[in-house]
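To start, the structure itself, in structure tokens.
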Amino acid sequence: MDEYSEIVKERIKTIQEIRELGCEPYSSEPFEVSHTAGPVVDEWKEASEEALQATAREYRLAGRIVGLRNFGKAAFAHLQDSTGKIQIFFQKDQLGEGFKLVKKLNVGDIIGIRGTLFRTKTNELTVSVASFRLLTKSIRPLPEKWHGLSDIETRYRQRYVDLIVNPGVRETFKLRTQIVRSIRHFLDSKGFIEVETPMMQSVPGGATAKPFKTHHNALGIDLFLRIAPELYLKRLLVGGFERVYEINRNFRNEGISTRHNPEFTMVEFYMAYADYRVMMDFIQNLLVTVVTENTGSLQVNLGDGKIDFTPPWPRLRMMDALREEGIPEDALGGLEAAKAWGTAKGMDMSNVHSLGKALDEIFSEIIEPRLVQPTFVIDHPVELSPLAKRKRDEPHLVERFELFIDGREIANAFSELNDPFDQKARFESQLRDREQGDEEAHLMDEDFLRALEYGMPPAAGAGIGVDRLVMLLTASPSIRDVILFPQLKPEA
RNA sequence: GAGCCGCUAGCUCAGCUGGUAGAGCAUCGCCCUUUUAAGGCGGGUGUCCUGGGUUCGACCCCCAGGCGGCUCACCA
């Protein structure tokens with residue numbers, strides 16, 4: 001702990017004084033709560049003083065003092081619990097000896113009260129406290145009531161304080177939970193079962209990304225935090241789970257930004273006997289449901305603009321989009337021409353070794369940022385998608401789509417490659433990329449191939465970035481605003 | 001990883017051309033039984049992010065470093 005400030009030293013003195021009054025500042029006695037602030041305020045906000053007196057019901061509430069106005073022989077405070085806040089009123093006449101403890105209270109303390117409702121002269125619904133107990137003394141001062149806590153670093157490092165004083169933050173995280181619940185409910189209702197697959201993998205696969213490495217002492221082996229659950233979920237398709245999903249963390253050892261946290265949440269789901277076209281309809285359906293349930297509308301406000309989720313969403317073939325951009329045919333069909341075109345447009349193509357990568361580079365640079373309204377980009381080059389099934393009539397492309405909203409990829413899906421021979425060839429091709437210095441190329445996963453050899457039903461699979469979806473629906477500019485404890489460097 | 005910006009009391013912030021640090025809230029004392037940014041009177045706040053340097057003198061100028069934000073790069 002850091003050096004105590006004068007204020008904290010004062011509060012520590014107060015703790016002693018509280019004990020001298022015979023009260024325990026860190027109570028272990030249970031406090032039985034009968035009501036919570038939000039519902040009480042909602043129920044009685046219209047009621048007259050007479051109506052309140054007529055009920056004479058007793059309320060037992062607990063929460064944190066977030067405002068305190070002390071008079072000589074009376075005091076007003078606001079009590080905040082997880083549902084909202086309500087004003088409470090202490091009077092010496094009512095509390096007698098107990099009023100001495102009121103003098104020892106500070107903003108930040110957690111108390112439990114018992115009392116009845118009334119209306120003040122200014123007509124605010126208030127609990128007149130008949131008795132109360134200090135449940136937890138707070139010795140650190142909360143941020144100032146006017147400006148609150150705005151220092152971004154402190155908000156992330158001490159999220160507990162952020163949550164106490166910034167109601168919008170609480171709302172964002174409650175909404176995040178509801179969004180996840182909506183997704184889960186939707187999938188459950190369509191016959192999917194939720195599973196948990198390994199977070200620690202000896203062959204990290206299912207995505208192109210750099211993994212975190214760790215070590216298991218007893219086994220004496222290195223393990224990797226998973227970059228995706230994909231290869232395990234597909235093993236479950238082989239095992240006969242025809243509709244499976246997992247909502248959980250992935251870990252990628254890459255840069256941190258307003259759109260990237262080293263651990264992030266994905267929902268991945270797999271549907272046997274479907275293909276990517278079926279999946280496009282399915283995802284559109286899922287998101288329309290989730291958006292409606294959580295925002296009450298299909299129009300979502302987003303800082304400067306608006307996202308309209310009204311289906312159907314346009315489907316844009318990646319190659320057509322590039323062609324419309326005026327990219328010449330030779331660049332669409334040849335690595336060198338594509339690189340030259342990109343370089344001429346000011347892009348860094350030095351790390352690009354395949355035509356697919358080159359086209360992807362051009363696409364993300366000039367087309368993605370314009371895809372503000374929900375748009376499916378479909379039919380990607382095969383080199384970009386080593387786990388996706390080839391298009392029947394265009395084998396250099398795969399049956400894949402990405403959903404873009406607000407210029408960002410929200411979902412990625414494809415018809416799953418279930419041909420073990422092609423899968424093996426794709427892994428081998430990835431290994432060659434790796435030898436050429438592509439650290440993110442896939443590794444060979446022999447057991448996955450063995451599973452495919454037993455036979456995986458044709459299926460479509462999809463992944464949706466939950467954090468980014470929540471950003472969208474809460475109009476949060478940074479991923480750190482939708483992750484309770486975002487990764488930061490340790491404090492100095 | 002690069003560029004730009006920020007870091008001063010618990011919080012939010014001011015601090016001139018370099019002369020040794022302030023306000024509001026919070027806190028402490030006194031007064032106050034319907035306030036809600038309660039009010040009145042009075043008091044104490046500090047590693048000015050850290051370490052060097054320049055200077056008679058550094059919150060301020062220079063150098064190095066730390067942490068954070070944004071943008072870019074990598075990526076989802």
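Chain letters run A, B, ... following the sequence lines, proteins first and then strands; every chain starts at 1. Being a predicted model, the structure only gives us computed values, none of them experimental. Heavy-atom basis, side chains included; hydrogens, waters and symmetry copies ignored.
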Stacking check A/Phe76 vs B/U35 (5.5 Å / 30 deg)
yes
Tell me whether A/Phe264 and B/A76 count as stacked here, given that the ring centres must be under 5.5 Å apart and the planes must differ by less than 30 degrees.
yes
Looking for any heavy atom pair under 4.0 Å, which part of the strands does A/Phe90 touch: base, sugar-phosphate only, or nothing?
nothing
Kindly determine whether A/Arg176 and A/Ile483 satisfy side chain to side chain contact (heavy atoms under 4.5 Å, CB included), including the steps that lead there.
CA-CA 9 Å; A/Arg176 179 183 173 120; A/Ile483 292 175; 4.1 Å; yes
Between the base of [N] and the side chain of [X], is there any donor-acceptor pair under 3.5 Å?
| X | N | answer |
| --- | --- | --- |
| A/Glu144 | B/G24 | yes |
| A/Glu124 | B/U34 | no |
| A/Ser150 | B/U12 | no |

Does A/Ser385 use its side chain to pair, donor to acceptor, with the backbone of A/Val382 at less than 3.5 Å?
no
Nearest whole Å is fine: how far is [N] [atom2] from [X] [atom1]?
| X | N | atom1 | atom2 | result |
| --- | --- | --- | --- | --- |
| A/Asn70 | B/G40 | CG | C1' | 15 Å |
| A/Arg157 | B/C7 | CZ | P | 17 Å |
| A/Asp481 | B/G69 | CG | P | 10 Å |
| A/Leu125 | B/U35 | CG | P | 16 Å |
| A/Glu153 | B/G68 | CD | P | 6 Å |
| A/Leu149 | B/A9 | CG | P | 14 Å |

Can you figure out which of B/U27, B/U12, B/U33 approaches the side chain of A/Asp151 most closely?
B/U12
What interatomic distance, in whole Å, is found between [atom1] of [M] and the corresponding atom of [N]?
| N | M | atom1 | result |
| --- | --- | --- | --- |
| B/A9 | B/G69 | C1' | 23 Å |
| B/G22 | B/G46 | P | 13 Å |
| B/U47 | B/G51 | C1' | 12 Å |

Measure from NZ or CZ of A/Arg315 to the centre of the six-membered ring of A/Phe376, then state whether that distance is under 6.0 Å and the direction lies within 45° of the axis.
yes
Positive for salt bridge (Lys or Arg N to Asp or Glu O under 4.0 Å) with A/Lys210, one of A/Glu440, A/Glu439, A/Glu254
A/Glu440
